[in-house]
Amino acid sequence: MGKNDFLTPKEIANRIKAKGLQKLRSYCQICQKQCRDLNEFKCHCMSESHQRQMQIFGGNPIHRIVVGYSEKFEQNFVDLMKRSHRFSRVAATVVYNEFINDRHHVHMNSTQWATLTEFVEHLGRTGKCEVDQTENGCFITYIDRDSEGYIPQNA
Ligand SMILES: [Zn+2]
């Protein structure tokens, strides 16, 4: 309780480091291109197509980009919950597997969350889902809200 839900740029930078730069570096989220290794990624970064994409981002510092992808990741994940699992309690890994089935999904390594558990705890803290940890893993239930953001009484 009382814990800030927003990460400072420094915290985000630390998380990126913690997750391993290797992973983050070999996937270009901006172009949605997976490179085999760092060398290929470096070549990719020199390519014209990548430079063009970077211009679109207008030299945003990395943490702004991470925040943007985190928002998109969360939005898409919650939308999927609402669409497919609106009235059921479901294992977080099941939803996640459906999520990454979409080949255009935002990769979690481009977000502020290092693990699925961390992300799911965020959903719980921000009141988007009910979260319960069991010995069979983490389960989530979408919290239905009306257009004003209130939880219907007999949901
Ligand atoms: Zn690129």
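Whatever order the structure lists ligands and atoms in, that order sets their numbers, starting from 1. Starting from 1, each residue takes its place in the sequence as its number.
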**Asked** Angle class for the H122/W113 ring planes (parallel below 30°, perpendicular above 60°, tilted otherwise)?
**Response**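 Plane angle between 30° and 60°, so tilted.
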
**Request:** Mind telling me whether F73 and F77 have parallel, tilted or perpendicular rings, with 30° and 60° as the class edges?
**Result:** parallel

**Asked** Under the 3.5 angstrom rule, does the side chain of H50 hit a backbone N or O of S47 as a donor-acceptor pair?
**Response** no

**Message:** I'd like to know if the side chain of S110 and the backbone of Y69 have a donor-acceptor N/O pair within less than 3.5 Å.
**Reply:**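 The answer is no, because no donor-acceptor pair under 3.5 Å joins these two groups.
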
**Prompt:** By residue and atom, what protein N/O/S atoms are less than 2.8 Å from the Zn ion (ligand 1)?
**Reply:** C28 SG, C31 SG, H44 NE2, H50 ND1

**Atom CD of E48 with >12 non-hydrogen neighbours under 6.0 angstrom** = no

**Request:** Mind checking the CG-CG spacing from L116 to N97? Nearest 0.5 Å is all I need.
**Result:**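 These two atoms lie 9.0 Å from each other.
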
